[in-house]
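The next block holds one structure in the form of structure tokens; read it before the comments.
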Amino acid sequence: MRGKAAAFLLFACSLASLANAQTATVRGFVTDSATGAALQNVNVALFGEDDSLYGSATNADGLYVVAGLAPGFYELRVTLIGYTTVRDTLRLAARDIVTRDVVLAEAEELLREVVVEGDRDVRMTDLEAGLETISPQDIEHLPGPEISGDLALYLSALPGVVVVGDQGGQFYVRGGEPTQNLVLLDGMLIYQPFHILSYYSAFPSEVLSTVDLYAGGFGARFGGRISSVIDVWSRNGNTRQFAGSAWASPFVAGAVLEGPIEKSGRFSFLGSVRQSVLEHVASRYIDHPLPLDFNDVFAKIHGKANRNGRVSVTMLRTEDRGVVGRAPDSLRNDEVRWTNWALGGRYLFLPGSLPVLAEFMVSYSEHTNERGPAERPLRSSTTGRINFESNITHYGSLFTVKWGLFARTLALESELSGLYQDLRLDREWVTEAGLYVAPEFRFANRKVVTPSIRVHNFPSKRQLYLEPRIRAMWDIAGNRLSGAVGLFHQEIVGISDRRDAASTFTAWTAVPMGGVPRAVHAIAGWGREVHAGVDVAVETYWKRLSNLFIAEWTALPRLTTRLQQADGRVFGLDVRVEMRRAGFYGYINYGLSSVEYQAMQSSLRLWFGSDTYRFRPAHDRRHQLNVLATTSLGGIDVSARWQFGSGLPFNRALGFDGFLLMDGTVDVFHTPGDRRVIYERPYNGILPTYHRLDLAAERTFETAAGRITVQASVINAYDRANIFFLDVFTLQRADQLPFIPFVGIKVDVN
């Protein structure tokens with residue numbers, strides 16, 4: 001199988017080389033004149049003497065490449081809404097590779113309608129088979145406890161994403177488990193990307209450049225997970241001058257600082273720090289205990305290694321601690337703690353004599369997770385990964401070939417106090433290596449087809465997987481059609497007991513038994529602008545899941561994580577309507593989803609008459625609705641978000657009994673035995689529906705030194721008592737956050 005993949009790679013690269021044999025290439029980086037920041041989605045067009053037109057758009061690094069140009073004279077035209085257009089004249093000969101870096105300056109005068117139209121780089125009609133590109137401007141629309149918004153808030157508003165509660169930081173994407181999501185920051189793996197308060201991700205919005213969310217059907221560059229990919233990229237620091245901002249609210253305080261490292265502006269730095277204060281501030285004025293604490297530290301250095309090369313180093317550290325879902329007078333007071341630590345380097349290089357982009361990355365990621373008293377945790381898990389990878393792109397006029405190599409070493413270690421009876425508790429090493437090939441073919445009417453293949457090898461396990469995938473997009477008569485199909489495997493899995501609703505503890509391990517978790521994805525989507533400023537997008541998806549690992553069903557009223565295998569299926573429908581008007585932006589997102597697991601357990605024949613049982617897992621939210629509206633009133637930006645979710649499944653108990661093992665002479669009057677619960681079938685109960693309204697009003701004041709932004713917000717405006725979890729053993733209920741008004745302030749200094 002590896003030989004076939006290598007032959008496919010050689011064939012694709014040979015075609016790309018032949019296509020460029022007698023043509024020229026123009027490439028370069030586009031940056032902002034004021035900050036030196038890379039500009040994404042800039043339109044780059046080359047007009048030939050024969051009225052021919054060639055074009056491209058810049059990526060997250062501000063890079064554009066236009067290949068396959070016939071020899072001759074061309075006018076280069078670089079345009080972006082809000083910036084002054086740049087023009088240049090080029091004379092190209094066969095096999096020329098010309099580098100033209102472009103600096104764009106902001107236009108002095110802008111019509112308000114143009115600003116509103118350009119406020120969102122990607123419209124809903126641009127959604128492509130599960131892929132959505134998210135910008136910081138998109139995140140700012142949503143009201144919440146963070147004055148600049150947060151990626152976690154944006155994700156929770158998407159129709160295919162389920163957040164079980166406002167605590168715990170667990171996100172489920174289109175039926176997948178949290179540990180089945182691949183989350184990357186500048187190419188570094190982040191094991192737990194969300195904070196213990198689910199309104200916050202580990203990535204401050206102030207440092208984000210772009211986020212690509214693949215809700216499924218992702219290409220062969222990504223692997224090792226079977227649900228989704230969240231590919232996060234940070235921006236570069238200001239190369240022209242020092243700048244910074246600081247903000248504070250009853251939930252969190254933070255600051256960002258950036259600027260040039262040396263006078264030439266070749267290298268810049270960007271750093272941020274955030275610290276939660278809700279445990280000491282918010283919990284006092286709302287008279288509601290919030291024993292949650294978290295912080296994160298981010299730092300990045302970026303620079304020009306040479307004219308054709310860019311280098312960067314990124315670091316992230318997060319810490320979380322707290323008691324999740326604590327009910328009044330509850331005995332469930334075990335503390336949960338986790339940390340993330342990631343450090344990575346990236347080198348981007350454009351060879352002088354080839355129409356090729358080369359990317360080399362190395363990173364180290366570590367995650368620790370504990371539960372129990374701080375001085376003596378009951379459970380702990382530590383995971384570390386060293387990653388090396390290279391990604392090469394060959395550019396052509398009609399198609400582009402992307403391919404890459406990767407090698408990884410993982411160290412896994414857990415101390416579980418005997419609760420995980422069928423997991424190895426010693427330190428374990430796992431190695432991974434492989435390659436992928438992904439040619440992209442472009443046709444008329446913006447028709448793009450990307451077949452790809454990934455070869456994933458585990459030398460330490462003597463296992464090899466071949467994963468074919470394909471993505472396609474076609475614009476026809478104003479309609480955007482897209483689709484994706486693919487095969488995915490996950491050899492490293494996160495084990496937890498989903499019945500323990502208030503627990504966020506996860507133990508990472510290599511597959512403990514049987515086959516490897518596997519998924520098949522199929523996605524089909526349609527999008528169209530149905531009226532001026534009104535877009536509609538519809539997407540349907542299906543997943544077949546195999547060899548999942550879930551907790552064994554038991555009558556004992558305590559945590560057990562004896563594992564059993566299960567299969568599953570997911571299908572759903574996402575519908576989105578987006579409206580853009582002068583001074584107004586809004587959308588309605590609706591998601592219909594169905595998740596079903598099927599497991600086998602011989603002991604269940606005594607309970608239900610069959611050793612096979614089907615059930616809805618705890619994250620199966622059938623209906624989900626999000627409504628957002630933002631506008632400006634008298635210079636004040638006002639936003640409102642209402643969300644609704646149908647009830648989630650839970651294990652309903654019918655009663656209790658006692659069990660006493662008669663394995664000899666037993667004093668039945670003084671031996672307490674074990675308490676057992678008499679269940680209905682697994683997850684046969686449904687919790688109440690969830691709905692909530694959040695409001696925000698924001699005003700920005702311009703000063704000589706910078707900007708001051710003041711925000712007044714309300715969480716859960718009509719004080720809906722939304723249930724977080726119900727303890728079926730004590731019937732104690734823990735609710736999500738109540739009505740919380742607050743004021744935040746942010747200061748930007750240039």
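Quick note: residue numbers are just sequence positions, from 1. Since this is a predicted model, take the numbers as computed values, not measurements.
- Proximity of a side-chain donor or acceptor of Glu140 to a complementary backbone N or O of Leu142 within less than 3.5 Å is not detected.
- For Asp574, the salt bridge (charged side-chain N to carboxylate O under 4.0 Å, His left out) partners are Arg174, not counting sequence neighbours.
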Stepwise side chain to side chain contact (heavy atoms under 4.5 Å, CB included) check, Gln180 with Val173: CA-CA 9 Å; Gln180 295 167 358; Val173 180; over 6 Å; no

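- Shown here for Ile523 and Gly217, the closest heavy-atom pair between the two residues is CD1-N, 3.8 Å.
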List the steps, then state whether side chain to side chain contact (heavy atoms under 4.5 Å, CB included) holds for Val714 with Phe742. CA-CA 6 Å; Val714 174; Phe742 65 93; over 6 Å; no

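- Closest of all the heavy-atom pairs between Ile147 and Thr709 is CD1-O, 3.6 Å.
- Proximity of a side-chain donor or acceptor of His623 to a complementary backbone N or O of Gly647 within less than 3.5 Å is not detected.
- Rounded to the nearest 0.5 Å, atoms OG1 (Thr506) and CD (Gln192) are 7.5 Å apart.
- Within the 4.5 Å cutoff, the side chain of Ile134 has heavy atoms near those of the Leu155 side chain.
- Side-chain polar atoms of Ser245 and Lys746 form no donor-acceptor pair below 3.5 angstrom.
- Rounding to the nearest 0.5 angstrom, the gap separating the CH2 atom in Trp341 from the CD atom in Glu319 is 11.0 Å.
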Chi angles and distances behind the salt bridge (charged side-chain N to carboxylate O under 4.0 Å, His left out) call for Arg576, Glu578: CA-CA 7 Å; Arg576 309 186 190 191; Glu578 181 184 51; over 6 Å; no

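- Using cut-offs of 30° and 60° for the angle between ring planes, the Tyr585 and His141 rings count as parallel.
- No side-chain donor-acceptor contact under 3.5 Å links Thr382 and Thr368.
- Across every non-hydrogen atom of Val595 and His619, the tightest pair is CG1-NE2, 4.2 Å.
- A donor-acceptor distance shorter than 3.5 angstrom exists from the side chain of Gln624 to the backbone of Leu158, with no hydrogens or angles considered.
- Applying the salt bridge (charged side-chain N to carboxylate O under 4.0 Å, His left out) test to every pair with at least one member in residues 712-723, sequence neighbours left out, gives no pairs at all.
- In this structure, a donor-acceptor pair under 3.5 Å is present between the side chains of Gln137 and Ser135.
- There is a side-chain donor-acceptor pair under 3.5 Å between Gln711 and Ser713.
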What verdict does the side chain to side chain contact (heavy atoms under 4.5 Å, CB included) test give for Val164 and Tyr172, after you've listed the backbone C-alpha separation in whole Å, the side-chain angles of each residue and the deciding distance to 0.1 Å? CA-CA 8 Å; Val164 172; Tyr172 302 78; 3.3 Å; yes

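- Side-chain contact between Leu153 and Arg641: present, with at least one pair of heavy atoms (C-beta onward) separated by less than 4.5 Å.
- In this structure a side-chain-to-backbone donor-acceptor pair under 3.5 Å is missing from Asn626 to Tyr590.
- Between atom NZ of residue Lys543 and atom CG of residue Leu545 there is a gap of 7.5 Å, rounded to the nearest 0.5 Å.
- Rounding to the nearest 0.5 Å gives a distance of 8.5 Å between OG1 of Thr210 and CG of Asp231.
- Put simply, the side chain of Arg569 gets close to the backbone of Ser594: a donor and an acceptor are under 3.5 Å apart.
- Between Phe218 and Phe488, the ring planes lie tilted relative to each other; the angle falls in the 30° to 60° range.
- Defined by atom type and a distance below 3.5 Å, a donor-acceptor pair is present between the side-chain atoms of Trp247 and Glu146.
- Contact check for Arg321 versus Phe294: no side-chain heavy atoms found under the 4.5 Å cut-off.
- Two residues are said to be in side-chain contact when any heavy atoms from C-beta on lie closer than 4.5 Å; Arg616 and Ile686 meet this criterion.
- With hydrogens and angles disregarded, a donor-acceptor distance shorter than 3.5 Å links the side chain of Asn589 to the backbone of Ala157.
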Step by step, would you call Thr318 with Asp296 a side-chain hydrogen bond (donor to acceptor under 3.5 Å, both in side chains)? CA-CA 4 Å; Thr318 74; Asp296 53 58; over 6 Å; no

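- With a 4.5 Å cut-off on side-chain heavy atoms, Arg692 and Phe739 do not count as touching.
- Summarising the geometry of Ser593 relative to Arg621, their closest heavy-atom pair is CB-O, 3.8 Å, with the distance given to 0.1 Å.
- The six-membered or imidazole ring of Tyr200 lies away from that of Phe194, with a centre-to-centre distance of 6.0 Å or more.
- Identified under the salt bridge (charged side-chain N to carboxylate O under 4.0 Å, His left out) test for residues 150-171, with sequence neighbours left out: Asp150-Arg274.
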Test Asp212 against Thr133 for side-chain hydrogen bond (donor to acceptor under 3.5 Å, both in side chains), laying out the working first. CA-CA 5 Å; Asp212 285 335; Thr133 298; 2.9 Å; yes

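- Within the 4.5 Å cutoff, the side chain of Phe571 has no heavy atoms near those of the Thr540 side chain.
- At distances below 3.5 Å, at least one donor-acceptor pair connects side-chain atoms of Ser365 with backbone N or O atoms of Leu189.
- By the 4.5 Å heavy-atom criterion applied to side chains, Ile230 and Val232 are counted as neighbours.
- Shown here for Ile226 and His521, the closest heavy-atom pair between the two residues is O-NE2, 2.9 Å.
- In this structure, a donor-acceptor pair under 3.5 Å is absent between the side chains of Tyr199 and Gln167.
- Pairing each heavy atom of Ser639 with each of Thr630, the nearest pair is CB-CG2, 3.5 Å.
- Note that CG of Leu693 and CH2 of Trp642 are 9.5 Å apart. Values are rounded to the nearest 0.5 Å.
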Which is it for Ser632 and Arg699 under the side-chain hydrogen bond (donor to acceptor under 3.5 Å, both in side chains) test, yes or no, and what are the steps along the way? CA-CA 10 Å; Ser632 182; Arg699 178 68 183 268; over 6 Å; no

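- A side-chain donor-acceptor contact under 3.5 Å links Ser198 to the backbone of Gly169.
- One side chain, Trp338 or Asp320, offers a donor N or O that lies under 3.5 Å from an acceptor on the other.
- Between the side chain of Ser249 and the backbone N or O of Phe251 there is at least one donor-acceptor pair closer than 3.5 Å.
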Test log, rule side-chain hydrogen bond (donor to acceptor under 3.5 Å, both in side chains), inputs Thr314 and Lys300: CA-CA 4 Å; Thr314 306; Lys300 180 179 181 180; 5.0 Å; no

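- Classification of the Phe615-Tyr683 ring pair by plane angle, with boundaries at 30° and 60°, yields parallel.
- At least one side-chain heavy atom of Leu573 sits under 4.5 Å from a side-chain heavy atom of Val538.
- Judged purely by atom type and a 3.5 angstrom limit, Glu370 has no side-chain atom pairing as donor or acceptor with the backbone of Val336.
- For the atom pair CZ (Phe584) and OG1 (Thr631), the distance works out to 7.0 Å, reported to the nearest 0.5 Å.
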